[in-house]
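The next block holds one structure in the form of structure tokens; read it before the comments.
Convention: sequence-line order gives letters A, B, ...; per-chain numbering from 1.
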Protein chains: 2
Amino acid sequence: MNEYSFIFAPAMRIKDENKEKAIREKAMEMIVQEGFDGLSMQKLAQAAGVSPATIYIYFKNRADLLNQLFNEVEETFTKVTLADFSPEMSFKEGLWLQWKNRLKFIIDYPTHYRFHEQFRNSPLINHSDIKITPFKENMKAFVHNAVKRGEMQKVDPEIYWSIAFGTFYSLVRFHLHEKSMMNNDFKLTEHKMRLAFEMMLKAFKI
Amino acid sequence: MNEYSFIFAPAMRIKDENKEKAIREKAMEMIVQEGFDGLSMQKLAQAAGVSPATIYIYFKNRADLLNQLFNEVEETFTKVTLADFSPEMSFKEGLWLQWKNRLKFIIDYPTHYRFHEQFRNSPLINHSDIKITPFKENMKAFVHNAVKRGEMQKVDPEIYWSIAFGTFYSLVRFHLHEKSMMNNDFKLTEHKMRLAFEMMLKAFKI
DNA sequence: AATATAAATGAATATTCATTCATTTATAGA
DNA sequence: TCTATAAATGAATGAATATTCATTTATATT
């Protein structure tokens, strides 16, 4: 299949997109539920209703499968997180939108999020910085504007990030797994998130 | 070997404690470097300079090894973190000591810390709440006292935790791995930690 | 020195793994 | 309807896996 298909008119069986989708989804589910070593190609094939050999039509090998999944997740994450966002927004408004967008991603794609969490620092992933560049650009410009307008004090980016998002992600962890710590049933509602958000903001006051 | 050994005078070859220690250490290193599936019993045996069968003298099986390692780490963590700490301390002083103690743990036992990070939410671990109870008791009393003395506003424990420690652990992640985000060489010095700490504290002001 | 005990072992076992390959199957165009 | 093409497959391969077991080895006491 190439751009001259219509001229040379090849006749070929087309790929069944449902198969690839099933493989991707089941793979993520298995990894999230049983960890990376819980994913065997044969068990995955069975779960996806497919022959083991079929997986190798869509993915070069196990490592490639893993990397494709990871990249897919990062792409979706960036898209959801930057929705309606602009670096020109006021510090408070922009940061709150970030929190809301991120919560949306976690609620809408919980498996993706947990999968990403497992591999964010894994040596098994080829972290190709390129993909998250637009994201970083946006965040950098956003902070720059906020400082210029005197809406927040100037700090190391890591400190900014840790207060603004470290707090948020800790709440998310309570929401998602840490049932044993503290209370046993913490649900991160928008209301609770707002409470934490208002407190966190004070840290940046000049 | 039991408490009546001296009476019945058994004659037996004694365990070589260096062997167990080598197994434990190499196992953690291998897991941290290559992930849980990078740990095979035969490779571990080789790395520890021991026969595969020897591992099974000290550990019932692979899962047991993992659990023992995890428990060992949590024990050390609790000890280091609670050093010199008292729930009677002022909010500011107590929280700062927590940050310092935790940083000390991470600096002194980086492998332990990374190992713990990998398995904190893993289904492979039998999380036996019991172990961290003294720790939770201390923290609960500490917050209770601070609220009573009017040093901080009363908030959900998860929100308190997320601002106070979510911020800290995010800094630690930058320090330990996230070389690709932001600047490429963030070193968490006590000075930078103090800057972040002072900002974070403002969130709790009444 | 002899002995009883458990530590320590290397080789063996049975299973599971990722990947390949010779065939078969479905389908778009002739 | 026929044909060329690539999708899809089930079975096979060989390497690696966790665990076991029949022996051997070291040593504290007699």
Side-chain angles (χ1 to χ4, degrees), chain A residues 1-28 30-31 33-69 122-125, chain B residues 1-27 30-31 33-69 122 124-125:
Chain A
M1 245 345 191
N2 59 40
E3 70 244 66
Y4 302 114
S5 300
F6 66 95
I7 296 178
F8 294 113
M12 53 178 251
R13 182 175 175 182
I14 57 163
K15 283 192 189 179
D16 184 344
E17 283 178 25
N18 296 327
K19 288 212 166 63
E20 184 178 357
K21 206 174 155 197
I23 294 168
R24 296 185 106 103
E25 281 175 2
K26 291 292 174 188
M28 256 196 238
M30 289 174 76
I31 286 173
Q33 276 161 27
E34 310 180 49
F36 184 52
D37 57 320
L39 177 82
S40 92
M41 301 305 260
Q42 349 230 17
K43 283 196 287 176
L44 170 58
Q46 197 173 25
V50 137
S51 160
T54 303
I55 300 174
Y56 290 86
I57 294 172
Y58 294 94
F59 305 93
K60 218 165 63 212
N61 51 39
R62 200 168 112 104
D64 179 50
L65 166 60
L66 190 70
N67 272 279
Q68 284 204 35
L69 291 179
S122 169
L124 301 164
I125 296 287
Chain B
M1 240 356 184
N2 59 40
E3 70 244 65
Y4 301 114
S5 299
F6 66 95
I7 295 177
F8 295 113
M12 52 177 250
R13 182 174 175 182
I14 57 162
K15 284 191 190 181
D16 183 344
E17 283 178 25
N18 296 328
K19 289 212 165 65
E20 184 178 358
K21 205 175 157 195
I23 294 169
R24 297 185 105 102
E25 281 175 3
K26 290 293 174 188
M30 290 174 75
I31 287 173
Q33 276 161 28
E34 310 179 48
F36 185 51
D37 57 318
L39 176 82
S40 91
M41 301 306 260
Q42 348 230 14
K43 283 197 287 177
L44 171 58
Q46 197 173 26
V50 137
S51 159
T54 303
I55 300 174
Y56 290 85
I57 294 171
Y58 294 94
F59 305 94
K60 217 164 63 213
N61 50 40
R62 202 168 110 103
D64 179 49
L65 167 60
L66 188 71
N67 272 279
Q68 285 204 34
L69 291 179
S122 169
L124 301 165
I125 296 287

Side-chain donor-acceptor pairs of residues 36-52 of chain B under 3.5 Å, sequence neighbours excluded:
unit_1, atom_1, unit_2, atom_2, d
B:Ser40, OG, B:Lys43, N, 3.0
B:Lys43, NZ, B:Gly38, O, 3.4
B:Ser51, OG, B:Ala53, N, 3.2

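- Within residues 17-25 of chain B, no residue has any heavy atom closer than 4.0 Å to DNA chain D.
- Distance check: A:Lys26 NZ to A:Ile55 CD1 gives 13.0 Å after rounding to the nearest 0.5 Å.
- Each of B:Lys15 and B:Ala53 has a nearest nucleotide on DNA chain C; the 5'-most of these lies closest to B:Lys15.
- Residues of residues 55-67 of chain B that place a heavy atom closer than 4.0 Å to DNA chain C, in numerical order, are B:Ile57, B:Tyr58.
- For DNA chain C, the residues of residues 40-47 of chain A within the heavy-atom distance limit of 4.0 Å (strictly under) are A:Ser40, A:Met41, A:Gln42, A:Lys43, sorted by number.
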Give the intermediate values and the outcome of side-chain contact (heavy atoms from CB on, under 4.5 Å) for residues A:Ile57 and A:Lys19.
-> CA-CA 11 Å; A:Ile57 294 172; A:Lys19 288 212 166 63; over 6 Å; no
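- B:Gln33 pairs by the side chain to side chain donor-acceptor pair (under 3.5 Å) definition with nothing, not counting sequence neighbours.
- Between A:Ile31 and A:Leu66 the shortest heavy-atom distance is CD1-CD1, 3.9 Å.
- Atoms CD and CG, on A:Glu34 and B:Leu124 in that order, are 9.0 Å from each other to the nearest 0.5 Å.
- Residue A:Thr54 has a polar side-chain atom (N or O) positioned under 4.0 Å from OP1 or OP2 of D:dT9.
- Between B:Ile23 atom CD1 and B:Glu20 atom CD the span is 7.0 Å, to the nearest 0.5 Å.
- Taking the side chain to side chain contact (heavy atoms under 4.5 Å, CB included) definition, one finds that A:Asp64 meets it with A:Phe59, A:Lys60, A:Asn61, A:Gln68, sequence neighbours left out.
- When all heavy atoms of A:Asp16 and A:Tyr58 are compared, the pair lying nearest together is O-OH, 3.4 Å.
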